[in-house]
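Since the structure comes first, as structure tokens, the remarks are kept for the end.
Because only heavy atoms are used, hydrogens play no part in the values below, and waters and symmetry mates are left out as well, while side chains stay in.
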Amino acid sequence: MPVWIYDLSNTQLALMLCGVCLAYTWLGVVLVGNALRRHCEDPSGIGDFVGQYLSAFGLFFGLMLGLIAVATYENYGAAEETVSVEANRVAQLYRTVSTYPEPFRQTLQESLADFVNFTIDEAWPAYREGRTPLGGTERLNQFQARLYSFQPTRPSEQIIHGEALRQFSEFVEATRDRVAAVDTALSPLLWMIVVIGAAMTMALLWFITHELMWVRLVASGILAVYVGLMMFFIAAMDHPMRGEFSISPDALVELREAYRAASGG
């Protein structure tokens, strides 16, 4: 799918996809269906054959569409989980560095707070536009340099420092997973197969040969709208960080508010 569709609202995107499917189907029903009735001696026989063929073809296409929808939903859920995991990693690391002596304690806490603020206020709006800013990596490097500069002198400090290093490694891994989720999407080849399959399925509806035009339009329109809604569902969740139906940084926001409340700021 072209990325500009993520500049639309969910309502606009759903109406656009359903409208395209409906217009494509109804145009074919009117043109092909009427031509078939004018030039074919036994249009009902063709309709029966197409009905059987549509049942078999629609089964395979519906199964493929359902599997793709499930896979897209799972990718969306996995990307959403990475945000919660990252927030937990930040919270653990924040509590651990809170036991460091001054001035390391304040410096490390401020570095983590700056990273969270950047992620919420700058990185997330950029994600929704399809961009990945580099400021997060710079802040991670700064925090790492400050953390590694601490030299423990007592056994208790050595234990705490070792735990902080382990938690920092897990925190970096969670951050990388979140950044990687920005580019999570179905391959263009798979999208091409979905679009071609939808077009072929709806094209079979052109050969409905019922005598009443409104019956043909209603019957074909119901399936066309359903295909459009399924494509909307897949497209809306295909890029977890883009569009109106994107993942929010709520877990990080709640963490920031909790620390602000605890510090009185």
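- Minimum heavy-atom separation, T96 to A164: CG2-CB, 3.8 Å.
- Side-chain contact between W124 and M241: present, with at least one pair of heavy atoms (C-beta onward) separated by less than 4.5 Å.
- Using modelled atom types, no side-chain atom of W206 and backbone atom of L31 make a donor-acceptor pair closer than 3.5 Å.
- Between Q92 and Q167 the shortest heavy-atom distance is O-OE1, 3.1 Å.
- Atom CD in E244 sits 6.5 Å away from atom OG1 in T11 (nearest 0.5 Å).
- With a 4.5 Å cut-off on side-chain heavy atoms, W191 and D238 count as touching.
- Residue R105 places its CZ atom among more than 12 non-hydrogen atoms of other residues, nucleotides or ligands, all under 6.0 Å distant.
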Start with the C-alpha distance between F232 and N10, add both sets of side-chain angles, then the distance that settles side chain to side chain contact (heavy atoms under 4.5 Å, CB included), and finish with yes or no.
CA-CA 8 Å; F232 158 72; N10 284 341; 4.0 Å; yes
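- A donor-acceptor contact closer than 3.5 angstrom links the side chains of R128 and S246.
- Hydrophobic side-chain contacts under 4.5 Å tie L63 into a cluster, directly or through other members, with L67.
- Closest approach of M16 to L8, counting heavy atoms only: SD-CD1, 4.1 Å.
- M231 and L15 fall into different hydrophobic clusters, defined by Ile, Leu, Val, Met, Phe, Trp and Tyr side-chain heavy atoms under 4.5 Å apart, directly or through other members.
- Atom CG of N88 and atom CG of L93 lie 12.5 Å apart (nearest 0.5 Å).
- The shortest distance between side-chain heavy atoms of M202 and F61 does not fall below 4.5 Å.
- Under the 4.5 Å side-chain criterion, counting only non-hydrogen atoms from C-beta, V85 is not in contact with R178.
- In terms of hydrophobic clustering, with Ile, Leu, Val, Met, Phe, Trp and Tyr side chains grouped at heavy-atom distances under 4.5 Å, L186 and V70 are assigned to different clusters.
- Ion pairing between E163 and R166 holds under the 4.0 Å rule for side-chain N and carboxylate O.
- Under a cut-off of 6.0 angstrom, the local environment of CE in M200 is sparse, with at most 12 non-hydrogen atoms contributed by other residues, nucleotides or ligands.
- With contacts defined as side-chain heavy-atom distances shorter than 4.5 Å, the pair L147/Y100 qualifies.
- Formation of a donor-acceptor pair under 3.5 Å by the Q106 side chain with backbone atoms of P103 is not found in this model.
- Checked for salt-bridge contact, D177 and R89 miss the test: no charged N lies under 4.0 Å from a carboxylate O.
- With R260 contributing its side chain and R256 its backbone, the two residues share no donor-acceptor pair below 3.5 Å.
- You'll find the side chain of Y226 stays beyond 4.5 Å of the side chain of C21, heavy atoms only.
- A perpendicular orientation is assigned to the rings of F168 and Y148, their planes being inclined by more than 60° (bins at 30° and 60°).
- Of all non-hydrogen atoms in I120 and P125, the two that sit nearest each other are O-CD, 3.6 Å.
- Side-chain atoms of E86 and F171, non-hydrogen and from C-beta on, do get closer than 4.5 Å to each other.
- With values rounded to the nearest 0.5 angstrom, R242 atom CZ is found 10.0 Å from D183 atom CG.
- Side chain of E157 to backbone of T153: a donor-acceptor contact under 3.5 angstrom is found.
- With sequence neighbours left out, Y76 forms a ring pair (Phe, Tyr, Trp, His ring centres under 6.0 Å) with F245.
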Go through the steps for L65 and I234 under the test side chain to side chain contact (heavy atoms under 4.5 Å, CB included), then give the verdict.
CA-CA 9 Å; L65 205 62; I234 296 173; 3.9 Å; yes
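- Summarising the geometry, atom OH belonging to Y6 is positioned 4.0 Å from atom NE2 belonging to H239; distances are rounded to the nearest 0.5 Å.
- The distance from the CD1 atom of I222 to the CG atom of L217 is 11.0 Å, given to the nearest 0.5 Å.
- Side-chain atoms of S149 come within 3.5 Å of backbone atoms of R146 as a donor-acceptor pair (strictly under, hydrogens ignored).
- A continuous path of Ile, Leu, Val, Met, Phe, Trp and Tyr side chains, each step under 4.5 Å between heavy atoms, connects V90 with F104, placing both in one hydrophobic cluster.
- Taking the six-membered ring where the residue is Trp, Y94 and Y259 present parallel rings, their angle staying beneath 30° rather than reaching 60°.
- Of all heavy-atom pairs between V83 and S248, the closest is CG1-O, 4.2 Å.
- The main-chain N or O of A79 is found under 3.5 Å from a side-chain atom of T82 such that the two form a donor-acceptor pair.
- Between F143 and F115, the ring centre distance reaches or exceeds 6.0 Å.
- Between the OG atom in S111 and the CG atom in N141 there is a gap of 11.5 Å [rounded to 0.5 Å].
- For the pair Y24 and A203, the tightest heavy-atom approach, listed with the atom from each and the gap, is OH-CB, 3.8 Å.
- Side-chain contact check for Y127 versus V179: some heavy-atom pair is nearer than 4.5 Å.
- By the rule that hydrophobic residues join a cluster once side-chain heavy atoms approach within less than 4.5 Å of another member, M64 and L17 end up as members of one cluster.
- Connection of I193 to I196 is established within a shared hydrophobic cluster, with ILVMFWY side chains joined at heavy-atom distances below 4.5 Å, either directly or through further cluster members.
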